[in-house]
Amino acid sequence: MKKVKLVTTIMVMAFISLTAVSCKDAKTDKNDSTEHHSEMNADGDHSKMNHDNSDGHHDGDKKEMAMNGNGTSQVVLNDYFNLKDALVADDNAKAKNLGGTLAKSLKAFDTSKYSDDKQSELKDIIEDATEHAEHISESDIAHQREHFKVLSKDMVDMVEITGTSMTIYQQYCPMYDNNKGGAWLSMNKEIRNPYFGDKMLKCGKVQREIN
Amino acid sequence: MKIVKIIAWIALIALVAIQFFPVDYNQSETIPQTDFMLVNNVPVTVEKSLQVSCYDCHSNNTQYPWYNKVQPVAWFLEGHIKKGKEELNFSEWDSLTIRRKTSKLRSIIKQIEGNKMPLDSYTLIHRDAKLSESEKKLLIEYMSDLKENLNN
């Protein structure tokens with residue numbers, strides 16, 4: 001009997017110390033998998049996308065491609081716009097999901113059709129943007145908006161290189177970030193502020209029309 | 001009563017035993033050419049703050065006073081170092097592009113402003129790593145200037 005107790009206690013101790021060491025990672029893993037599930041519903045509007053299939057094949061896993069189109073800048077932009085809309089709606093959970101979606105389409109973005117110079121700049125932009133998107137996928141809304149500001153600059157620079165078939169608007173609200181201002185891209189001319197959401201939905205003006 | 005005693009003993013033994021688990025110390029002999037302090041003209045005061053408050057988790061060189069070597073502190077630190085370096089590694093600063101540096105500097109400023117870094121769980125043991133208001137101000141000013149200059 002004593003032996004049994006002893007063994008149990010040892011096992012409990014071992015278990016506790018193992019959990020103590022690994023709890024942090026376990027937590028992130030769980031988050032990741034829940035995001036996975038809800039993602040598919042959250043951004044059902046992939047149908048809006050331009051399925052520009054001109055350059056055919058891509059490496060990377062098939063399922064990912066099916067979900068994310070085929071790794072063009074257009075897919076990235078669409079995911080960015082969806083994320084922006086979630087922030088406009090003050091929807092932290094949705095923005096988390098869409099941040100994850102965007103991170104994936106950024107990773108799947110195939111830059112091989114661009115010149116070497118442009119490729120290296122695009123890779124730089126993608127790496128930076130991916131990190132912001134990943135942070136957005138796991139933080140509170142204030143922090144999401146901080147990252148969204150830098151992400152938006154990455155998107156502006158990306159469009160500079162890739163161009164786009166749509167007409168998009170670069171908009172700017174001077175009050176965000178302690179009056180240092182923040183810009184974003186939108187498909188609509190009308191201002192819907194992703195930095196303030198409901199608090200100041202109309203803060204901003206169109207800075208530039210692209211296309 | 002006996003049970004309590006047994007548990008106490010086992011806890012003690014476990015505590016001693018885990019001291020023998022190997023730890024990957026995050027230490028390197030040399031300071032790489034890409035180190036933040038080397039490539040930037042960092043004033044002594046800023047250098048000291050960064051070294052004491054950030055470098056343990058965000059560089060290739062962690063200071064290991066005795067309490068950092070004791071388990072489970074060392075494990076706890078190891079986890080933070082791994083995650084911390086993924087986010088930001090001052091030792092490899094200069095390998096980043098201007099875009100990435102700008103992003104990191106922004107993030108550094110925000111983390112300090114928001115009292116998120118250094119982590120509370122860390123300053124609990126490392127009292128000297130806690131930044132005073134004046135140290136915070138100095139760091140933020142320095143990082144902001146650096147950011148401005150990068151983009152000129």
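Just so it is clear: chains get the letters A, B, ... in the order the sequence lines come, proteins before strands, and each one is counted from 1.
- Applying the ring pair (Phe, Tyr, Trp, His ring centres under 6.0 Å) test to pairs two or more places apart or on separate chains, those with a residue in residues 191-211 of chain A are A/Phe148-A/Tyr195, A/Tyr176-A/Tyr195, A/Trp184-A/Tyr195.
- Using a 4.5 Å cut-off between heavy atoms, A/Asp157 touches chain B through its side chain atoms alone.
- Only the side chain of A/Glu131 comes within contact range of chain B, with at least one heavy atom under 4.5 Å from a heavy atom of that chain.
- Heavy-atom distances place both the backbone and the side chain of B/Arg100 under 4.5 Å from chain A.
- You'll find the side chain of B/Glu135 stays beyond 4.5 Å of the side chain of B/Leu139, heavy atoms only.
- Under a 3.5 Å cut-off, the side chain of A/Gln171 and the backbone N or O of A/Asn188 do form a donor-acceptor pair.
- Ring pair B/His126/B/Tyr122 is parallel by interplanar angle, where below 30° counts as parallel and above 60° as perpendicular.
- Using a 4.5 Å cut-off between heavy atoms, B/Lys101 does not touch chain A at all.
- Contact annotation for B/Gln111: only side-chain heavy atoms (C-beta onward) come within less than 4.5 Å of a heavy atom of chain A.
- The candidate with the highest count of non-hydrogen atom pairs below 4.5 Å against chain B, out of A/His147, A/Glu127, A/His132, is A/Glu127.
- Across all their heavy atoms, A/Met187 and A/Tyr169 have their closest contact at O-CE1, 3.6 Å.
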